[in-house]
Structure formats: C-alpha cells, structure tokens
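To keep things clear, I will list the structure first and then write my remarks on it.
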Protein chains: 2
Amino acid sequence: MVKRTSFEHDDCPIARSLDAIGDWWSMLIIREALFGVSRFGEFQKRLGLAKNILTVRLRALTDQGILKTAPASDGSAYQEYLLTPKGRGVFPILVALRQWSEEFDERPEEISTILVDKENGQPVRKLELYSQDGRLLGAGDTALKPRPAAKLRKRVVA
Amino acid sequence: MVKRTSFEHDDCPIARSLDAIGDWWSMLIIREALFGVSRFGEFQKRLGLAKNILTVRLRALTDQGILKTAPASDGSAYQEYLLTPKGRGVFPILVALRQWSEEFDERPEEISTILVDKENGQPVRKLELYSQDGRLLGAGDTALKPRPAAKLRKRVVA
DNA sequence: CAATCTAGTTTAATCATGCAACCATTGGAG
DNA sequence: CTCCAATGGTTGCATGATTAAACTAGATTG
C-alpha cells in the first residue's frame with residue numbers, strides 16, 4: 001500500500017509481482033484461499049482485518065485475475081471468492097516464504113504448523129531450483145540476461 | 001508498512017516472513033544486494049527511493065540479521081551492507097516471485113530479464129517442491145499439520 | 001414481519017510513508 | 001586552513017493507507 005511508487009510498469013518481474021501481491025493482506029488472503037476459505041466473513045474472521053480493507057483487497061485481487069467470484073455454491077445466495085489458476089500459482093511463493101521462516105526465524109518454536117505431503121504426512125522438502133540439465137542451483141549460480149528481444153508485440157500504448 | 005498489525009508473533013511462518021521482509025523495498029533491496037550492490041548510494045540510485053526510507057529499511061534489515069554492515073572494503077572509509085546467510089536465504093522467494101510474474105503476468109513482454117544458469121546461459125527451470133520420496137507436489141498435494149509440540153522451551157512471556 | 005446473519009459502505013481518527021530540504025562527515029583542491 | 005563535492009543520514013510536513021465503529025441493505029430464519 002502506500003502505493004506512492006507503483007512498480008506496475010517496472011520491467012523487473014519481482015517488482016511486478018510485489019506490485020500485485022506484495023502486501024501482507026493479499027498474501028494472507030491467498031494463503032487462506034488455498035486452504036479452502038472462500039467467504040467474505042470467513043476471511044474476515046480468520047485474518048482479523050477490517051472489513052473495508054478486506055473489501056478493497058478482494059476487489060483488487062479479483063481485478064487482477066487472482067480471485068474470481070462465483071455466484072454461490074453452498075446453498076446461500078451469497079457469492080464466494082475462488083482462486084484462479086493465477087491465484088493457485090502463488091503457492092510456491094508462499095512455500096518459499098514459509099521455508100525461509102522455518103530456516104532462519106530466531107524463534108522457530110513459535111511456528112505452529114508444518115507443511116506436509118498429504119499422501120503420507122511427511123514434511124515436504126525444501127524448494128529447489130534446477131538448471132535445464134538438472135544441476136541444483138544456488139543464488140550464486142545464476143545470472144540475469146536481457147530477454148531475447150521479444151517478438152515485438154502490438155505495443156500496449158494506451 | 002503501516003505496521004498497525006504486526007505479525008511478528010503470529011504463529012504462521014508465512015506471516016512471520018511477511019512481517020520481516022514483506023514490503024516492497026525490503027525485497028528489492030535484497031534483490032539488489034544479491035547482485036552485489038552494497039553501498040548506500042548504489043541502492044538509492046538503482047531503486048530510486050528516498051534516502052530516509054532507505055536508511056530505515058537498511059537498519060531494519062540489519063537489525064533482523066538479513067544484512068550486516070562491514071566497516072569498508074573499497075578504500076572509501078564508509079560502510080557497506082552485505083547479505084548474511086539469512087539474507088541470501090531469501091533467494092528462493094525472489095525466484096518464486098519472478099517466476100510467478102513470468103508465468104501469469106498479462107504483459108510479459110514488458111519483462112526485460114530472464115534468470116539463467118551462469119554455467120551455460122540457459123534459463124533455469126521452475127522451482128519445484130518435492131516430497132521426501134521424490135514426488136513432485138502441487139498445492140493440492142500438501143496439508144498443514146500442527147508441529148510436533150516442540151520441546152516446550154522457555155515461554156517468551158514478555 | 002421481526003431478528004439476525006452476510007456483505008458490504010461510510011466516517012472520522014491515527015499513524016506510517018514518501019518527498020524534500022537540511023545536517024554531518026570524509027576527502028581533495030587551492 | 002578553507003571551500004567544495006560526495007557520501008550517509010536525520011528531521012518535518014503532506015499525503016494517504018489502516019483501522020474500528022456505525023450504518024445500510026439484502027437474505028434467512030422463525
């Protein structure tokens with residue numbers, strides 16, 4: 001928030017992500033949604049945020065194609081907020097955030113949950129980044145290259 | 001940050017991460033630092049943020065053990081900001097953010113860089129989450145379990 | 001048709017953010 | 001020694017984001 005500086009038109013994909021979902025509430029809303037929360041009141045109760053903020057965030061996430069509203073589902077004629085594929089695509093980001101806390105937090109004993117494989121209840125492994133030919137990569141093994149000029153699409157002038 | 005609601009004592013590791021580095025500038029500062037930027041002026045020039053904000057962010061990151069200040073290094077008697085292991089641990093989060101943009105941004109042609117394997121210049125693969133026994137896991141294949149009760153450390157009462 | 005639940009909107013107070021302008025230190029030129 | 005420029009940082013004010021609480025309005029229940 002305090003969206004004084006918007007990174008919407010920054011050419012760094014990290015900045016663009018942050019512009020879209022880089023605030024506490026959006027991430028946490030998506031986290032809840034991944035657990036199946038879909039109703040306004042549920043989000044509000046579980047996250048404890050002000051309702052007006054929730055309204056704004058839900059609308060922003062919907063506008064960005066991260067959530068979509070479905071007419072109903074559980075009888076009641078209200079609507080519910082469901083993740084789109086783009087929204088579900090946030091999962092690895094949340095896992096990365098979680099694992100960073102688990103690894104580096106100085107009070108790990110306060111962390112109350114672990115992410116497990118549903119199949120057998122075992123903790124998942126750390127997220128791993130591989131090269132095309134299967135080598136495990138760390139931060140130092142990578143570099144940034146300019147994009148290959150992109151096929152010059154219709155410029156989005158407006 | 002409008003740190004009205006601090007998630008510092010939330011028991012969700014995601015919330016804790018967000019509390020530590022969940023604001024635009026911190027993430028971007030770490031991004032720059034991973035590229036080798038270490039000087040106050042460099043950060044300021046590349047990110048284009050106000051110096052006071054940078055000061056606050058650098059101090060916060062330092063206090064959290066994400067950056068450390070070294071007395072100098074390149075002659076000039078000023079200090080420089082270096083990543084700690086905890087700071088370098090943010091790398092996967094940044095990669096996840098980057099890949100989310102690359103996959104779902106509706107104007108990917110505006111993204112100017114790609115992350116490549118330094119060894120051969122090839123793009124890296126997508127971050128992947130595996131189970132202990134090597135199966136690739138998606139959001140739906142995981143669940144949260146309460147932590148195994150943790151050895152009941154001294155409660156942080158204060 | 002009254003009570004209540006859901007999903008908001010409005011309002012007013014508060015506090016963080018961001019910009020700009022201002023200090024302090026270092027180091028070199030004259 | 002004095003002046004100037006660059007680095008690193010602090011202070012003050014305007015904006016505006018966040019919040020709780022009050023209010024609205026449709027749906028559900030009884």
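Each chain gets a letter, A, B and so on, in the order its sequence line appears, and its residues count up from 1.
- Atom CZ in A:Arg57 sits about 19 Å away from atom P in C:dA7, given to the nearest Å.
- Closest approach to the A:Arg59 side chain among C:dT9, C:dG18, D:dG26 is made by C:dT9 (side chain taken as heavy atoms from C-beta onward).
- For the pair A:Leu54 CG and C:dG8 C1', the interatomic distance rounds to 10 Å; values are reported in whole Å.
- We find that CZ of A:Phe40 is positioned 16 Å from P of C:dC5, with the value rounded to whole Å.
- Of the side-chain N and O atoms in A:Tyr81, none sit less than 4.0 angstrom from OP1 or OP2 of C:dT6.
- When distances are taken from the side chain of B:Arg39 to each of D:dG8, D:dG9, C:dG18, the shortest belongs to D:dG8.
- With respect to the salt-bridge test (charged N to carboxylate O, under 4.0 angstrom), the residues A:Asp141 and A:Arg135 do not qualify.
- Remark: A:Trp25 is in phosphate contact with D:dT19, judged by side-chain N or O atoms under 4.0 Å from OP1 or OP2.
- Straight-line distance from the CG atom of B:Asp23 to the C1' atom of C:dG18: 13 Å, rounded to whole Å.
- B:Asp105 pairs by the salt bridge (Lys or Arg N to Asp or Glu O under 4.0 Å) definition with A:Arg16, not counting sequence neighbours.
- As a whole-Å value, the separation of A:Ile53 CD1 from C:dT9 P is 12 Å.
- A donor-acceptor contact shorter than 3.5 Å links the side chain of A:Thr84 to the backbone of A:Ile66.
- A salt bridge links B:Lys86 with A:Glu106; the closest basic N to acidic carboxylate O contact falls under 4.0 Å.
- Residue contacts for A:Phe43: at a heavy-atom cut-off of 4.0 Å it reaches no nucleic acid atom on any strand shown.
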Using atom names, set out every protein N or O paired with an N or O of nucleotides 20-24 of chain C below 3.5 Å, distance rounded to 0.1 Å.
residue : atom : partner : partner atom : Å
C:dA20  : N6   : B:Asn52 : ND2          : 3.3

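- When rounded to the nearest whole Å, the span between CH2 of B:Trp24 and P of C:dA16 equals 14 Å.
- Between A:Arg31 and B:Cys12, the shortest heavy-atom contact is NH1-SG, 2.6 Å.
- The shortest side-chain heavy-atom distance between B:Leu144 and A:Ile114 does not fall under the 4.5 Å cut-off.
- The distance from atom CD of B:Gln79 to atom C1' of C:dT26 is 13 Å, rounded to the nearest whole Å.
- Between the CG atom of A:Leu49 and the P atom of D:dA20 there is a distance of 9 Å, rounded to whole Å.
- Here the side chain of B:Lys118 pairs a donor or acceptor atom with the backbone of A:Gly140 at under 3.5 angstrom.
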